[in-house]
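In what follows, a structure is listed as structure tokens, so that the remarks can point back to it.
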Amino acid sequence: MKEKLNCSTCNAIVEITMLKCDYCGNNFRVNGKSAALLKLKDVLEEMLINFEPKEVISCINSSVYKEHPIIKFRLSKAEMLICLFDSQNIDSQKFCDIINRISQDTFDYKAEFINYISLLLPSLHISLYPEDYANILAFLRNRNLDHDSNLSNKLTEQVLISELGVKFMKEYLFYTNEKNYINNLDFLKKKEYLEKRYNLKLTNLKF
Ligand SMILES: [Zn+2]
């Protein structure tokens, strides 16, 4: 993803991975407003890695750079972490609103954001109801936001975890992992039962 900001000396648009401004030679990473913005970005990224979304939000709210796309992108990440991990179940309305807001920025951010959510899912600590799953899938399709179905597939795994239970999913994953295969009647029976139940649930979820 190519993130951009304005050089603090000549105001030209520069990619943040560049060492100096191509136009005026200013070291924008060290000097002026652009340096402060990049420093804030690094602080926010660190907080996101540490799963501190509330700290990210309060840090952004008190910043003069809160309207900058670079900062708004981190705000959306924090909001998504709260939406996924801080409630009993994923609220599809909130989930889609967050994606909608970041989609109003550049295409780069949109794709990067969808990718970010995909990496967070599935999780045993998240629950997703079939109705919310259907809403989110419809939203992604209508907006053409998930070309390779990567996020949709992750959401399918997530709803199956919620529907079948963590214990079932752990067993299913164990029995269907080739490394654990045993040529034993009890094992095979159990594996067949788990696969049947899993596939039945999956079929019922298809839209
Ligand atoms: Zn410049």
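Both counts, for ligands and for their atoms, begin at 1 and track the order of listing.
A cation-pi geometry, defined here as NZ or CZ lying under 6.0 Å from the six-membered ring centre and within 45° of its normal, holds between Lys77 and Tyr116.
Here the protein contributes Cys7 SG, Cys10 SG, Cys21 SG, Cys24 SG as N, O or S atoms under 2.8 Å from the Zn ion (ligand 1).
Defined by atom type and a distance below 3.5 Å, a donor-acceptor pair is missing between the side-chain atoms of Tyr109 and Ser76.
Within the structure, side-chain hydrogen bond (donor to acceptor under 3.5 Å, both in side chains) pairs that include any residue of residues 48-63 comprise Lys54-Asp86 (at least two apart or interchain).
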Give the table of side-chain donor-acceptor pairs shorter than 3.5 Å for residues 182-190, with sequence neighbours excluded, one pair per line with atom names and distance.
residue: Asn184; atom: OD1; partner: Asp186; partner atom: N; Å: 2.8
residue: Asn184; atom: OD1; partner: Phe187; partner atom: N; Å: 2.9
residue: Lys190; atom: NZ; partner: Glu171; partner atom: OE1; Å: 3.3
residue: Lys190; atom: NZ; partner: Glu171; partner atom: OE2; Å: 3.2

Got a list of side-chain donor-acceptor pairs under 3.5 Å for residues 33-44, not counting sequence neighbours?
residue: Ser34; atom: OG; partner: Ser8; partner atom: OG; Å: 3.0
residue: Ser34; atom: OG; partner: Phe28; partner atom: O; Å: 2.7
residue: Ser34; atom: OG; partner: Asn31; partner atom: O; Å: 3.2

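Taking a cutoff of 4.0 Å between a charged side-chain nitrogen and a carboxylate oxygen, Lys4 and Glu15 do not qualify as a salt bridge.
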